[in-house]
Amino acid sequence: MRSLMKMNARDNVAVALRAITAGEQLALDGNNVEASMDIPRGHKIALSSFNEGDIIVKYGYPIGYATACIQKGEHIHTHNLKTNLSGEESYEYAPDLHPVIYPKRDLTFDGYRRKNGKVGIRNDLFIVPTVGCVNGIAEMMISEFKNAHPDQTSFDNITVLKHPYGCSQLGDDHRMTRSILLDAVNHPNAGGVLVFGLGCENNIVSEFKSMLGEYDEARIKFLVAQEVGNELEAGLALLDEIYEAARNDVREPVPLSELNVGLKCGGSDGFSGITANPLLGAFSDFLISQGGTTVLTEVPEMFGAEKMLMARAENKEVFEDIVSLINNFKQYFLSYGEPVYENPSPGNKAGGISSLEDKSLGCTQKAGTAPVVDVLQYGEKLRKKGLSLLQAPGNDLVASSALGAADCQLVLFTTGRGTPFGSFVPTVKVATNNELYANKKHWMDFNAGPLLETPMEEVLEQFIEYIVAVASGQPTRNEQNDVRELAIFKTGVTL
């Protein structure tokens, strides 16, 4: 196995593919390097000497500058590297499009064609509380329903989309809660939905219903606890009606072009930008080449790599939308007195990521090379085929929920640290390294670690096969573990 990897010919650092001991003699592309200190796995080693202020380059782009003199062979990390980023920037439209196009293949998955023409990859039953006050009763309802139908096979998952909101919310907080819940009710993975309210909340059921648009009355039912005698009995009766409407649903072959996939990462490490994120990028390019759709979010983790995304805007209008996406999120941070370019989380740093540029340049690889065709605001649903950007924070649960709300039928989530979470749509956890996958097989779905030794084409083909299986009904780890969550962004300012 190789000891070091250089991500781009312009780089002046390399990534340690294993733990390196001080004094080891290392060779990389004809450049001999002696490690002057221990270098943890996934961390960076200097390929040349740096003076204070010199630019440090990884992925072919600056990831910061040296805060002290650094000798060749030294460990480069947060102790001697600092971000180049500060405050807001101005941007110019300079298109640079070089998409990778994969040959068209007649691939299908087995999905559920809905009455409105959308396609689900699951036939799920949701209870959607309009207010957090009824979460507990909704859980009782689900338990009683399962007891009454122990052998039901109509629904793949039965979930209460619990949240603490819907009461005493105003302005943007109220709007965003309502938008995400409306999106969930209208999600193509939902074979049936019970909208459940208390009766005195801001997010009142009658107004919620009026904003839903056209819906399948046999599949979507409404209940207000304060308007009935026994809300548990009334809820079970409505769930039985939904069950009868869905009990004969069957999967049918659907073109891969109907697949909408969310792209997300969290708990990254030094391998994220080497294995798992490039794998998702290749898959994104492949799916878009088949006529499908992918969505990249986590706006703060575009900071430092945003110019690359702007250069891929399909046209000037999309470019301007990306500029607004970036600047508005920077203003959100500044409005709360928070630094725009905060360093990555403790887990990211432990994994070898030293600056926001280091993180962002690795993160944005999930989006491959395709043109950006649209920019979605938080709570908006997909409008175009191809690659879209979505406004949402870096928080794993909030961003993944936003991807689901946008009509992504599943989320691909890369991680080098591991996480047990799952969104209310199937959440495929992709390990960046072999060790994580071996240790947390009950969390992780796919291992991108072999990419250190195996060509991308081989691993991508395995990944395509796996995603088709998931879209056709194979449960993900979060589904097997019965972990399905919804989280809603809460802010006091307009984004």
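Keep in mind the model is a prediction, meaning the values are calculated, not measured. Side-chain atoms are counted along with the backbone in the values below, which use heavy atoms only and exclude waters and symmetry mates.
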Criterion side chain to side chain contact (heavy atoms under 4.5 Å, CB included) on Ile220 and Leu212, from CA distance to verdict: CA-CA 10 Å; Ile220 299 176; Leu212 197 57; 4.2 Å; yes

Quick one: does any side-chain atom of Arg251 pair with a main-chain N or O of Ile121 as donor and acceptor, under 3.5 Å? yes

Any side-chain heavy-atom pair from Val299 and Ile326 closer than 4.5 angstrom? yes

Is the centre of the Phe126 ring less than 6.0 Å from the centre of the His187 ring? no

Separation between OH of Tyr243 and CG of Leu125, rounded to the nearest 0.5 Å: 11.5 Å

Polar side-chain atom of Thr159 near backbone of Leu161 as donor-acceptor pair, under 3.5 Å: no

Ile488 versus Tyr165: any side-chain heavy-atom pair under 4.5 Å? yes

Residues Asp240, Lys221: salt bridge by 4.0 Å N-O rule: no

Any ion pair linking Asp249 and Arg247 (charged N to carboxylate O, less than 4.0 Å)? no

Will you find, in the side chains of Asn157 and Asp124, an N or O donor that is under 3.5 Å from an N or O acceptor? yes

Under 3.5 Å, is there a donor-acceptor pair between the side chain of Asn135 and the main chain of His163? yes

Answer with yes or no whether the side chains of Glu301 and Ser360 bring together a donor and an acceptor at under 3.5 Å. no

Is it true that the NZ or CZ of Lys330 lies under 6.0 Å from the centre of Phe303's six-membered ring and within 45 degrees of the ring axis? yes

Is the shortest heavy-atom distance from the side chain of Asn327 to the side chain of Tyr91 under 4.5 Å? yes

Measuring only between side-chain heavy atoms, which start at C-beta, is Tyr59 closer than 4.5 Å to Asn8? no

Not counting sequence neighbours, which residues clear side chain to side chain contact (heavy atoms under 4.5 Å, CB included) with Ala405? List them please. Ile180, Asp183

So Tyr215 and Lys209, do their side chains get closer than 4.5 Å, heavy atoms only? yes

Is it possible for you to check whether Lys316 lies under 6.0 Å from the centre of the six-membered ring of Tyr93, through NZ or CZ, and within 45° of that ring's axis? no

Can I get a per-line list of side-chain donor-acceptor pairs under 3.5 Å for residues 97-108, giving both atom names and the distance, sequence neighbours left out?
from: His98; atom 1: NE2; to: Asp96; atom 2: OD1; distance (Å): 2.6
from: Lys104; atom 1: NZ; to: Gln290; atom 2: O; distance (Å): 3.1
from: Arg105; atom 1: NH1; to: Glu461; atom 2: OE1; distance (Å): 3.1
from: Arg105; atom 1: NH1; to: Glu461; atom 2: OE2; distance (Å): 3.4
from: Arg105; atom 1: NH2; to: Glu461; atom 2: OE2; distance (Å): 2.8

Checking Thr297 side chain against Leu390 main chain: does a donor-acceptor pair fall under 3.5 Å? yes

What pairs of donor and acceptor atoms, side-chain ones from residues 463-472 against any protein atom, are under 3.5 angstrom apart with sequence neighbours left out?
from: Tyr466; atom 1: OH; to: Asp445; atom 2: OD1; distance (Å): 3.3
from: Ser472; atom 1: OG; to: Asp110; atom 2: N; distance (Å): 3.0
from: Ser472; atom 1: OG; to: Val468; atom 2: O; distance (Å): 2.8

Side chain to side chain contact (heavy atoms under 4.5 Å, CB included) between Phe109 and Glu258: does it pass, once the steps are laid out? CA-CA 9 Å; Phe109 64 93; Glu258 296 284 359; 4.3 Å; yes

Classify the ring geometry between Tyr332 and Phe329 as parallel (under 30°), tilted (30 to 60°) or perpendicular (over 60°). perpendicular

First locate atom OG of Ser179, then atom CE of Met211, and finally report the distance between them rounded to the nearest 0.5 Å. 6.5 Å

Lys/Arg N to Asp/Glu carboxylate O, Glu453 vs Arg2, below 4.0 Å: no

Carboxylate-amine/guanidinium proximity below 4.0 Å for Arg484 and Glu479: no

Is there a side-chain contact between Leu181 and Asn203 (heavy atoms, below 4.5 Å)? yes

Take Glu298 and Lys366 through the test salt bridge (charged side-chain N to carboxylate O under 4.0 Å, His left out) and record every step on the way to the result. CA-CA 11 Å; Glu298 300 180 281; Lys366 299 192 300 291; 3.7 Å; yes

Are the charged groups of Glu485 and Lys162 less than 4.0 angstrom apart, N to O? no

No-hydrogen, no-angle side-chain donor-acceptor test under 3.5 Å, Ser272 and Asp269: yes

Pair Lys384 + Asp374: basic N to acidic O under 4.0 Å: no

In this structure, CE of Met141 is separated from CG of Leu194 (nearest 0.5 Å) by 6.0 Å

Taking the side chain as C-beta and beyond, is there a heavy-atom pair between Phe155 and Ile242 under 4.5 Å? yes

Other residues, nucleotides and ligands only: do more than 12 of their heavy atoms fall within 6.0 Å of NZ on Lys381? yes

With a 4.5 Å cut-off on side-chain heavy atoms, are Glu457 and Leu460 touching? no

Could you check Arg175 against Asp173 for salt bridge (charged side-chain N to carboxylate O under 4.0 Å, His left out), going step by step and ending with a plain yes or no? CA-CA 6 Å; Arg175 175 183 60 81; Asp173 278 348; over 6 Å; no

When you compare the side chains of Thr130 and Glu201, does any donor N or O come within less than 3.5 Å of an acceptor on the partner? yes

Main-chain N/O of Met444 paired to Arg477 side chain as donor or acceptor, under 3.5 Å: yes

Identify whether the distance between the nearest side-chain nitrogen and carboxylate oxygen of Glu435 and Arg41 falls below 4.0 Å. yes

Between CZ of Phe446 and OG1 of Thr414, what distance do you get to the nearest 0.5 Å? 13.0 Å

Pair Ser423-Ser400, side-chain donor/acceptor within less than 3.5 Å: no

Start with the C-alpha distance between Val261 and Val295, add both sets of side-chain angles, then the distance that settles side chain to side chain contact (heavy atoms under 4.5 Å, CB included), and finish with yes or no. CA-CA 6 Å; Val261 174; Val295 187; over 6 Å; no

For the rings on Phe421 and Phe413, is their centre-to-centre separation under 6.0 Å? yes

Spacing of Lys264 atom NZ and Leu296 atom CG [to the nearest 0.5 Å]: 10.0 Å

Going from CG on Asn277 to OG on Ser268, what distance comes out if it is rounded to the nearest 0.5 angstrom? 6.0 Å

Does a donor on one side chain sit under 3.5 Å from an acceptor on the other, for Thr419 and Lys429? no

Backbone N/O of Thr369 and side chain of Asp285: donor-acceptor pair under 3.5 Å: yes

